Undergrad: 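Questions regarding the structure given below will be posed in turn.
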Amino acid sequence: MRNDPYTLRNPKERSSSVVFASPHSGRAYGWDFLQNSILDERLIRSSEDAYVDKLFQAAPEHGAPLLAANTPRAFVDFNRGAEELDPALVRGMRRPALNARISAGLGVIPRVVAGGRAIYHGKMSMSEAQARLNDTWFPYHNQLQTLLDQSHHAFGEAILIDCHSMPHEALRNVMLPQGRPEIVLGDRHGASASSGIVGGIEKAFQRAGFIVARNIPFAGAFVTQHYGRPSRQQHVIQVEIDRSLYMNEAQIRPNGQFHNIQSRLAEAIQEICDIGRTSESLAAE
């Protein structure tokens, strides 16, 4: 597995308070990890937000850093808390208070991938689990916190865009008057970001031609909950993109619309970065 748990692409000049992060697009699957899994190389990628880092690669061109995971989500999930260890996977763990994510096998070290497919034959030791967190989870989140602190220092605020993709199937029961959503913004129903900033981001995606919903079916997980502090001028918005727009979900390959979607997202990225240059008035709304 690639030693660096993430790749950081900084702009030539940091001109926006916005930070983009892609915690689930990591695809550096190590040989040892694959050998210890009961899944083949395609199935183990089924939980991956494939190519999301490439979809948002224009961020540094507009003055914002892009933090992208190299570590795969199936190995360590950066959108979970470090304490969300699964007693069904890690030996010696006491059963925690009710946690739906852990119960589903989707803790910080996942037990399953999409569709509930088990990753391993048995359990791992606590020392192995802790080593994974020390080598990947903590470095990623330390870097993310540093980027947010830098935004606060330079601009008096930080806006984190947490970038994800969602299976098309997840949208089957979600319908807006204008059609099925293509992008879902999660702000934990107003708890992780100011309404003015979320509204500006929503308009940016709409002007790029996307149908946008809020909080249904995804309102945000650990990152939005942990980092979203709008009262302290730290705003976090989770962005979920329908995978079928840009990739063949079964084959986990870009489709013929990939570059078109990437180009439209670049338009939205520029406008979102502009919000990070003028957002004090928006945050007050």
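Computed from a predicted structure; not experimentally measured. Sequence positions, counted from 1, serve as the residue numbers for this chain.
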Undergrad: Can you tell me if D49 and S25 form a side-chain donor-acceptor pair at under 3.5 Å?
TA: no
Undergrad: Please check: side-chain N/O of R243 versus main-chain N/O of I241, any donor-acceptor pairing under 3.5 Å?
TA: no
Undergrad: For V239, which of L55, I161, V52, I272 qualifies under side chain to side chain contact (heavy atoms under 4.5 Å, CB included)?
TA: I161
Undergrad: When you measure from the side chain of S47 to the backbone N and O of A74, does any donor-acceptor pair fall under 3.5 Å?
TA: no
Undergrad: So does I109 get a backbone contact from the side chain of W137, meaning a donor-acceptor N/O pair under 3.5 Å?
TA: no
Undergrad: If you apply the rule salt bridge (Lys or Arg N to Asp or Glu O under 4.0 Å), what do you find for E128 with R132, and how did you get there?
TA: CA-CA 6 Å; E128 180 182 351; R132 287 195 188 190; 3.4 Å; yes
Undergrad: Hey, is the main chain of D187 close enough, under 3.5 Å, to the side chain of T224 for a donor-acceptor pair?
TA: no
Undergrad: I need the Y29 OH to L39 CG distance, nearest 0.5 Å.
TA: 10.5 Å
Undergrad: If the threshold is 4.0 Å, N to carboxylate O, is there a salt bridge linking R207 and E271?
TA: yes
Undergrad: Is it true that H152 and Q234 share a donor-acceptor pair across their side chains at a distance under 3.5 Å?
TA: yes
Undergrad: Without swapping roles, check the side chain of K12 against the backbone of P60 for a donor-acceptor pair under 3.5 Å.
TA: no
Undergrad: For K203, does the NZ atom have more than 12 heavy-atom neighbours from other residues, nucleotides or ligands under 6.0 Å away?
TA: no
Undergrad: Taking R101 for its side chain and R80 for its backbone only, find out whether a donor-acceptor pair lies under 3.5 Å.
TA: no
Undergrad: How long is the gap from CD1 on I261 to CD1 on I183, to the nearest 0.5 Å?
TA: 8.0 Å
Undergrad: So for atom CD, which belongs to Q178, do other residues, nucleotides or ligands contribute more than 12 heavy atoms lying within a distance under 6.0 Å?
TA: yes
Undergrad: Evaluate the criterion salt bridge (Lys or Arg N to Asp or Glu O under 4.0 Å) for residue pair R214 and E202; output intermediate values, then yes/no.
TA: CA-CA 9 Å; R214 292 198 199 183; E202 181 177 37; 2.8 Å; yes
Undergrad: What's the separation between atom CG in D86 and atom CE in M93, rounded to the nearest 0.5 Å?
TA: 8.0 Å
Undergrad: Side chain of R264, backbone of G209: donor and acceptor closer than 3.5 Å?
TA: yes
Undergrad: Do the rings of F78 and Y140 sit parallel, tilted or perpendicular, given the 30° and 60° boundaries?
TA: parallel
Undergrad: Does a donor on one side chain sit under 3.5 Å from an acceptor on the other, for D149 and Q145?
TA: yes
Undergrad: Quick check against the 3.5 Å criterion: does S17 have a side-chain atom that pairs as donor or acceptor with the backbone of G276?
TA: yes
Undergrad: Aromatic contact between F222 and H141, with the criterion being ring centroids under 6.0 Å apart: yes or no?
TA: yes
Undergrad: If you measure from the Lys or Arg side-chain nitrogens to the Asp or Glu carboxylate oxygens, is any gap between D40 and R45 under 4.0 Å?
TA: no
Undergrad: What are the two closest heavy atoms between S15 and H62, and how far apart are they?
TA: OG-O, 3.9 Å
Undergrad: Donor-acceptor pair, R180 side chain versus L171 backbone, under 3.5 Å?
TA: yes
Undergrad: So Y120 and F33, would you call those rings parallel, tilted or perpendicular, with 30° and 60° as cut-offs?
TA: tilted
Undergrad: Do side-chain atoms of S37 reach the backbone of I119 as a donor and acceptor pair under 3.5 angstrom?
TA: yes
Undergrad: Could you please spell out the steps behind the side-chain contact (heavy atoms from CB on, under 4.5 Å) verdict for Q57 and K54?
TA: CA-CA 5 Å; Q57 69 181 17; K54 294 186 179 296; 4.3 Å; yes
